[in-house]
Amino acid sequence: MALLQIAEPGQSAAPHQHKLAVGIDLGTTNSLVAAVRSGETATLPDEHGLHSLPSIVRYTQDTVEVGALAALSSAQDPKNTIVSVKRFMGRSLADIKAGEQSFPYEFAESENGLPLFVTPQGQVNPVQVSAEILRPLIARAEKTLGGELQGVVITVPAYFDDAQRQGTKDAVALLGVKVLRLLNEPTAAAIAYGLDSKQEGVIAIYDLGGGTFDISVLRLNRGVFEVLATGGDSALGGDDFDHLLQEHMQQVWQLADIDVQLSRQLLIEARRVKEALTDASETEAKVILADGTELTQIVTKTEFDAMIAALVKKTIASCRRTLRDAGMTTDEVLETVMVGGSTRVPLVREQVEAFFGKPPLTSIDPDRVVAIGAAIQADILVGNKPDSDLLLLDVIPLSLGIETMGGLVEKVVSRNTTIPVARAQEFTTFKDGQTAMAFHVVQGERELVADCRSLARFTLKGIPPLAAGAAHIRVTFQVDADGLLSVTAMEKSTGVQSSIQVKPSFGLSDTEIATMLKDSMKYAKDDISRRMLAEQQVEAARVLESLNAALGKDGDLLTAQEREQIDLLMAKLAQLATGDDADAIQKAIERLDEQTQDFAARRMDNSIRVAFKGQSIDNI
Amino acid sequence: MAITMTPAATERVRSFLANRGKGVGLRLGLRTSGCSGMAYVLEFVDALNDDDEVFDIDGVKIIIDAKSFIYLQGIELDFVKEGLNEGFQFNNPNAKGECGCGESFTV
């Protein structure tokens, strides 16, 4: 017997055709699944009534444990218990090894440099591990909703790049479930509060989780959320509060050398005390030592606030920086949304309110708000809402472009363009008779390829041999609704084409993205002058190339003296082109141009004479 | 009263309506479709149609159109839980045969 849910007016599904869809928050520490039922959006609990699933996967010889069960084993089997796999998504092993953090896992490297975890069940990649976390969530959703899912909306951090987004999408695909859309986490939180249907303006999302802090500044404009800036700290969260509290309790009790067992007990108690202090002004902490001694102490909210004040201040400093990056002031921020369990700490709320000058939105459970926003979006995408409800769009976080001669970046799709989008631009060949062209797709805001991030390379072959600059190659960049990129290059006269889809390669960390954006502003002036230089160098090479070809063919049209002059100027230009004075190169090109004008004219006359020789006037 | 709701159903409908924050009430109805001829309709109502009748069951507005009303005589709306799954269910004395899923029936 299928159970029915109340539909929106006129949206009742035909029997056996219920449009079931859920939103999933695949988090670093915890993951959740949510759905809209009878007009109400809520996260779905498991059989034990637990809503959040710890994002932990343990591989044993013949089982895969996920969630709380895996968490229990993390202490005794750390090597095979993968915690926070999200931090590995779309990143290369080299990146991970270069990072400050050390991990207890045994790594292998895949062919394309991605990390593989070595487990008793063989090597698994981060995408497969993420799929293991999603598997029970999807099973739970299908049991709860009573049918197969038509699709899911899954959330990703706003700073996730194409490789990381594709990895997340692949994880869902491994389970045979359709991804309706990837949604930025801050955007999902804003949707949960219905901010997408409110007035337009700037919204700040303050997300303080267990181990990470993110601040995002979004602008809502005609139903489109634009990410103005993101910032944060990938190593700051509520766990740090627990550790500080634990240290404090240890000090008060004068516990000197403590074993792992006691340390664990202290940490659990610290967490309990932290949670109790959300509503109480003081609470009693208690631990029982191995010999049975019971220790107690009173911890006040004032003491706790003093312990964590510096950390909270750090998050506020981050907010200030990010707001400045976005070019906004606190007065311009319409609403602040709180996300993440650690935003329950009263001091955090007070400080955020003081900084933004207005109370933040806290009415939705901060642990669940992202999943709830994703579920609302999934419900609309799967078609359970009347058409009048607007569909949300997203924007690309960093510009996309291709490399041109001289190591320069030609941006094809600029940052903050709403997606889906398709943009085309025409390029041409550099050398006479060139029949192939290599394309290098890059992402970033800087002018030179070396300072941007390489996404993919591909080659277009079979271009008809033509003079330099005569071929028309149309390059189309297409970004789908999930922010995934495909690039196509087509030669217009023959229609030969070649294309590539950006697949997981290397990822960028939160801070790297921030650095890339900041650098693009910091080095704007340098970049422009470097661009000018590179352009002049390319132009010099082109002039020398074509002049050499002309001299080889029609060199006998010149007197020895003229030839000597030209050779001299060419040598000088070639020498200047290796230097770094763009103006000097430009002048040398101009001088060479003047000097060869006569030569060009003579060549023209000559070729006309050759062409017309023996032809009567009637034939022309 | 020809149409009844179990206390569980009444309570859930009331809370879903309150949560939605708009609308007149809940529509119960029938549509000719499905594998056994007729299918139930369960929808929020924003605007009444001409042939709609409005009933008040324990303070909850239930809307039924005239045509569906004939077939819904004596029906009971229930809210049940089956494991993780929960939702509404119609107990219809008029139904002679149900499809396996109970979403459609013949009279």
Side-chain angles (χ1 to χ4, degrees), chain A residues 1-20 22 33-51 53 136-149 192-194 197 363-364 372 375-376 379 384-386 388-389, chain B residues 8-9 12-49 52 60 62-63 68 77-92 95 98-105:
Chain A
M1 176 84 192
L3 303 176
L4 304 171
Q5 306 296 334
I6 308 173
E8 285 296 305
Q11 301 290 319
S12 267
H16 316 294
Q17 286 177 17
H18 298 282
K19 292 170 271 188
L20 304 178
V22 294
V33 58
V36 179
R37 284 182 295 167
S38 295
E40 194 174 72
T41 317
T43 50
L44 309 177
D46 66 4
E47 286 87 349
H48 310 289
L50 298 172
H51 289 255
L53 177 79
L137 291 175
I138 287 174
R140 185 196 297 179
E142 295 195 330
K143 256 190 239 171
T144 308
L145 302 180
E148 201 173 305
L149 297 183
Y193 279 101
S197 54
S363 62
I364 303 176
I372 285 175
I376 293 172
D379 193 49
N384 284 328
K385 285 269 184 175
S388 58
D389 275 328
Chain B
R12 295 316 284 252
V13 172
R14 195 178 283 136
S15 97
F16 285 139
L17 282 170
N19 177 66
R20 188 165 179 265
K22 60 171 184 183
V24 198
L26 176 72
R27 175 182 301 284
L28 307 186
L30 288 174
R31 258 197 330 203
T32 46
S33 75
C35 45
S36 293
M38 300 244 198
Y40 294 109
V41 168
L42 199 59
E43 282 177 4
F44 292 112
V45 178
D46 284 332
L48 292 175
N49 297 325
D52 278 341
V60 178
I62 299 293
I63 291 110
S68 298
L77 183 67
D78 196 5
F79 189 86
V80 294
K81 277 190 177 203
E82 289 174 359
L84 286 176
N85 191 2
E86 57 181 31
F88 295 93
Q89 174 177 301
F90 286 92
N91 299 322
N92 188 349
E98 275 184 349
C99 78
C101 64
E103 280 186 59
S104 56
F105 63 96

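Letters go in sequence order (proteins before strands), and every chain restarts at 1. These numbers were taken from a predicted model, which means no experiment stands behind them.
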Using non-hydrogen atoms only, which part of [X] is less than 4.5 Å away from chain A: side chain, backbone, both, or neither?
X: B:Arg27; value: neither
X: B:Asn19; value: side chain
X: B:Leu17; value: neither

Legend entry - Heavy-atom side-chain proximity of B:Leu84 to A:Leu44 below 4.5 angstrom: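 No, every pair of side-chain atoms sits at 4.5 Å or beyond.
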
To the closest 0.5 Å, what do you measure between [atom1] ([X]) and [atom2] ([Y])?
X: B:Arg12; Y: A:Arg37; atom1: CZ; atom2: CZ; result: 8.0 Å
X: A:Leu4; Y: B:Asp78; atom1: CG; atom2: CG; result: 11.5 Å
X: B:Leu42; Y: A:Leu3; atom1: CG; atom2: CG; result: 11.5 Å
X: B:Glu82; Y: A:Thr144; atom1: CD; atom2: OG1; result: 12.5 Å

Which pair of non-hydrogen atoms, one from [X] and one from [Y], has the smallest distance, and what is that distance?
X: A:Ser38; Y: B:Phe44; result: O-CZ, 3.2 Å
X: A:Gln5; Y: B:Gly87; result: NE2-CA, 3.7 Å
X: A:Glu40; Y: B:Ser15; result: OE2-OG, 4.4 Å

Legend entry - By side chain to side chain contact (heavy atoms under 4.5 Å, CB included) - contacts of B:Arg14 (at least two apart):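 Applying side chain to side chain contact (heavy atoms under 4.5 Å, CB included) to B:Arg14 gives B:Thr10, B:Asp58, B:Val60.
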
Inset, instruction - Please list, chain by chain and in numerical order, all residues satisfying ring pair (Phe, Tyr, Trp, His ring centres under 6.0 Å) with B:Phe16, sequence neighbours excluded. - result: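 Scan of B:Phe16 (ring pair (Phe, Tyr, Trp, His ring centres under 6.0 Å), adjacent residues dropped) gives none.
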
